[in-house]
Amino acid sequence: MPTPSTPAPLRWALAALCVTVTVSYGVLFYAFPVLASSIADDTGWSLPWLTAAFSVGQLVVALLGAPIGRWIDRSGPRPAMVTGSLLAFPSLAAVALAPNPVVFFAAWIPAGAASAMLFYSPAFAALTRWYGERRVRALTMLTLVAGFASTIFAPLSAALDSAMDWRAAFLILAGIHLVVTLPLHVIFLRPSWPQVAESDTATSGASVRSIVRGRAFICLTAAFALCAFAVYGLVMHIVPLLASRGIDAQTASWALGLGGVGQVLGRFAYAPMARRLGVISRTVVILASCTVTTALLALLPADAALLLAAALLSGVARGIFTLLQATAVSDRWGATNYGLLNGIMHGPLLAAIALAPWGGTVLAIAVGGYQELFVLLALGVAVATVLAAATRPRGSGAA
C-alpha cells in the first residue's frame, strides 16, 4: 500500500480513483443485471434484447481501449476521466428515459464510451505511470476497494427499484455518479504526468507497432482473452451449474458470494507472488490456477461443502488474474506507452467478458449442459496457460 513517503498528491489521487472506479463499476456495470428483470417486466421488451444492448456497451469499452490509452499516455488521466464523468450522466439518463427499445439500445453506446474512460484500464495506466516501481501496491489497493462495487451497488440498485422503479433508480444512480466522480476527478487527478525514463522500459527502442506484432504480445493477448471468457463465464453460470448438479438455490447463491470474497483475498496474495516469481512463471501459475479451479467445479462430487470450497478458490484465482492483467504490460515492456499497449491488449479481453454471458449459454446448449460447459471453459484456460509460456519478449531476461 502507499507508504508515508509517497507524496500527498499521489496518495490523494489513489484515494480518489479507489472511490470513482468503485462508483463507476457499481453504476455503469453492476446496476444493469439487478434491474434487467424489472425493465423487461415493466416495458415488455425482451430480456435477450436488453442483454444485447448492455453487451454492445461493453464492446464499445473494448473498441475504445486503445485510443483512450493513447490519450492518457499523452495527457494523463484527468482529461479522459473528467470527460467520462460528464458523459456518463446523459447516457444513463437516456437509458432511464428511453421510450422504446431502440433508444434504450442506442443509449448504451455512449454509456460504453463513458465506461471506457472510467473503468480499470485508465486507472491502471494512471497508477502505473505515477507510482513507477511501487505500482503493484497502488494497483492492489485500487482493486481491493473496487472489488466491493457489486457489494455496495447491487443491493442499492435493488432497493431503489423496489422503492420507486427502474427508471428512477437509473436516474438517481446517474446523479450519484456525477456528483461523486466529477469533483474527485477534477480536484485530485492533478499530480504532474511524469516522463518515463529510457531505463524504465524493457524495450526502449521498440515501437508500439513492433511490440503489438510480436509473438509475446499476441500470445499474451490471446491467453488473457481466453482466460477472461472462462472466468467471467464461470461467474455468470455458476448458479445454473450448481443447480444442474442438485445443489439448492440458496447454496448456489452462497457459492457466487464466496467467489466474490475469494476475489478480494486473491488480491492480497498478488504482491508476495510478484516478489517470489518471475514474470513468465507467475503468469503460467496464475492461469494454471484458473484452469484447475474451473475444472474442480465441474469434476468434484456433487457435495455442497466441496463445491463451495471450489467456488471460493475460483474467486481467489480470479482476483489474482485481475492484478496480473494490470501489471502484464509494464512487467514486459515498461511504462512507456503503457496506456496504448494496455488498451490494445484489453480490447479482446473486454470483448470476451462482454460475450461471456451469451456465449456461455450458447455453449452450454451445444455441449449438453453446464457441467460440460465448465469442462470446456477449463480446457480453454489450459490453452491460455500454454500460450502464457510464450509471452517473454525477445531479448528479455524475464523468467
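Values in this document were obtained by computation on a predicted structure and should not be read as measured data.
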Under the side-chain contact (heavy atoms from CB on, under 4.5 Å) test, residues paired with P191 that sit two or more places apart
P9, L10, A13, W130
Non-hydrogen atoms of L373 and G360 that approach each other most closely
CD2-O, 3.5 Å
Please list, one pair per line, the donor and acceptor atoms closer than 3.5 Å that link side chains of residues 300-316 to other protein atoms, with sequence neighbours excluded.
| residue | atom | partner | partner atom | Å |
| --- | --- | --- | --- | --- |
| D303 | OD2 | A305 | N | 3.1 |
| D303 | OD2 | L306 | N | 3.0 |
| S314 | OG | A311 | O | 2.7 |

Approximate separation, where rounding is to 0.5 Å, of E372 CD and L241 CG:
9.5 Å
Output for pair (L160 CG, L156 CG), nearest 0.5 Å, gives 4.5 Å
Which atom of V145 lies closest to which atom of C18, heavy atoms considered:
CG1-O, 3.7 Å
If you look only at distance, which donor and acceptor atoms sit under 3.5 Å apart when one is on a side chain in residues 264-277 and the other is two or more places apart or in another chain?
| residue | atom | partner | partner atom | Å |
| --- | --- | --- | --- | --- |
| R267 | NH1 | T143 | O | 2.6 |
| R267 | NH2 | T322 | OG1 | 3.3 |
| Y270 | OH | R282 | NH1 | 3.0 |
| Y270 | OH | T327 | OG1 | 2.6 |
| R276 | NH1 | P272 | O | 3.2 |

Listed once per pair and sorted, the ring pair (Phe, Tyr, Trp, His ring centres under 6.0 Å) pairs that draw on residues 144-176, sequence neighbours left out
none
Neighbour count >12 (heavy atoms, 6.0 Å) for atom CH2, W193
yes
Using a distance-only test with no angle check, is there a side-chain donor-acceptor pair under 3.5 angstrom linking T181 and T20?
no
Around W45, counting heavy atoms of other residues, nucleotides and ligands shown, do more than 12 lie under 6.0 Å from its CH2?
yes
Pairs under 3.5 angstrom only: tabulate donor-acceptor contacts from the side chains of residues 25-39 to other protein residues two or more places apart or in another chain.
| residue | atom | partner | partner atom | Å |
| --- | --- | --- | --- | --- |
| Y25 | OH | Y120 | N | 3.4 |
| S38 | OG | D161 | OD2 | 2.5 |

Applying side-chain contact (heavy atoms from CB on, under 4.5 Å) to V56 and not counting sequence neighbours gives F105, I109
Nearest-0.5 Å distance that lies between atom CD1 in I172 and atom CG in L92:
13.0 Å
Residues two or more places apart in sequence or in another chain: which of them pass side-chain contact (heavy atoms from CB on, under 4.5 Å) with A163?
none
If a pair satisfies ring pair (Phe, Tyr, Trp, His ring centres under 6.0 Å) and one of its residues is in residues 207-232, list it, with sequence neighbours excluded.
F217-W333, F224-F321
Set of residues satisfying ring pair (Phe, Tyr, Trp, His ring centres under 6.0 Å) with respect to W71, sequence neighbours excluded
none
Contacts of A382 that satisfy side-chain contact (heavy atoms from CB on, under 4.5 Å) - sequence neighbours left out:
T291
Kindly state each residue pair satisfying salt bridge (charged side-chain N to carboxylate O under 4.0 Å, His left out) with at least one member in residues 69-89, sequence neighbours excluded.
D73-R129
Review item, side-chain donor-acceptor pairs of residues 339-352, under 3.5 Å, at least two apart:
| residue | atom | partner | partner atom | Å |
| --- | --- | --- | --- | --- |
| N342 | OD1 | H346 | ND1 | 3.4 |
| H346 | ND1 | N342 | O | 3.0 |

How long is the gap from CG on L171 to CE on M164, to the nearest 0.5 Å?
9.5 Å
